[in-house]
> 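Sharing a structure, written as structure tokens. Questions coming.
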Amino acid sequence: MEERAMMKTDTLDQIAYALYLAERDVYEVTKFVERYPELTVETAYDIQDKLIELKCKHEQTSISGLKLGLTSKAKQQMMGVHEPTYGVLLANMAVNAQHPISLKSLIHPKIEPEIAFVFKEDLVGPVVTVAHVLTATAYVAPAMEIIDSRYLNFHFTLPDVIADNSSSSRYIVGSQKYAVNEVDLVNMGCIFTQNDEMIATSTAGSVMGHPARAIAWMANKLIARGQHIRAGDIVLSGALTGSATMHAGDSFTVSFDGMESLSVQVER
């Protein structure tokens, strides 16, 4: 609570509203840490909560789940941060893979392959483990996330990106459902292609050794904030490879061993 007391509530509201407007009106903003050096990880999650309230109210949508970001050490080093982040998924962020994706409302979109977990039980703790995550999972599915930072040139600090809902933008989940014991969530291979050319390969275990470990990390962070993963939530467990910049006319496919492939097309 001491960390949060360093910033006034109206300042947090102003930052949340500035981020909301930047996304709504499709423009970049500079890092808030430069203006508010007292901004911490905890206050940034407070701002994220306020941003989600604004979006639910003004966009007439609701929370559909959560996402992890920056789960790999390589990605953390590349972006200059030291720990993963999480953000909130909203119902109006869901994209149907059967229709071309428009980039008109996005600033500098990138796309990443993910494994989606859908939950049948709440994860309320007191401490959530990998075993708890797997037991509470209804099914997993191939997925992709479109990220789109509202910050100038996609540059940010850890508090900045958290406040910006961890660069959340859009997500796509495959239609086929798989029980957690039907797939190898450590060694399952992943191939990511752009315009039919392979751009990256990985395994499920590239996400913190096991994607359920990343979700357990997030679940415990949420519990510490008086929140939790709910039954019915979709959770994107973290990017398996680096992100790819999206351009008009691009196509992207993610293929997993033992699961269906998932493809999306960008509008020309």
> Just checking Lys120: does its NZ atom have more than 12 heavy atoms from other residues, nucleotides or ligands closer to it than 6.0 angstrom?
yes
> Ser64 and Tyr171: side-chain donor and acceptor closer than 3.5 Å?
yes
> Ignoring hydrogens and angles, tell me if any N or O in the side chain of His108 forms a donor-acceptor pair with the backbone of Ser149 under 3.5 Å.
yes
> Could you pull out all residues at least two apart from Arg268 that satisfy side chain to side chain donor-acceptor pair (under 3.5 Å)?
none
> Tell me, please, which residues at least two apart from His210 pass side chain to side chain donor-acceptor pair (under 3.5 Å).
none
> Looking only at the aromatic ring of each residue, does the gap between the centers of Phe156 and Phe32 stay below 6.0 angstrom?
no
> Any chance you could lay out the ring pair (Phe, Tyr, Trp, His ring centres under 6.0 Å) test for Tyr86 and Tyr45, step after step, and finish with the verdict?
CA-CA 9 Å; Tyr86 66 83; Tyr45 278 117; 4.3 Å; yes
> Under a plain distance cut-off of 3.5 Å, with no hydrogens placed, do Arg170 and Ser102 share a side-chain donor-acceptor pair?
no
> If we ignore angles and hydrogens, is there a donor and acceptor under 3.5 Å between the side chains of Thr129 and Arg213?
no
> Under a plain distance cut-off of 3.5 Å, with no hydrogens placed, do Thr43 and Thr40 share a side-chain donor-acceptor pair?
yes
> Just by distance, do the side chain of Glu112 and the backbone of Leu240 share a donor-acceptor pair under 3.5 Å?
no
> Do side-chain atoms of Asp250 reach the backbone of Met246 as a donor and acceptor pair under 3.5 angstrom?
no
> Quick one: does any side-chain atom of Ser166 pair with a main-chain N or O of Ile162 as donor and acceptor, under 3.5 Å?
no
> Among pairs that include at least one residue of residues 179-189, which meet salt bridge (charged side-chain N to carboxylate O under 4.0 Å, His left out), considering only residues two or more places apart or in two chains?
none
> For Gly209 versus Val186, what's the shortest heavy-atom pair and its separation?
O-CG2, 3.9 Å
> Inspect the surroundings of CG in Asp25 and state if more than 12 heavy atoms from other residues, nucleotides or ligands are less than 6.0 Å away.
yes
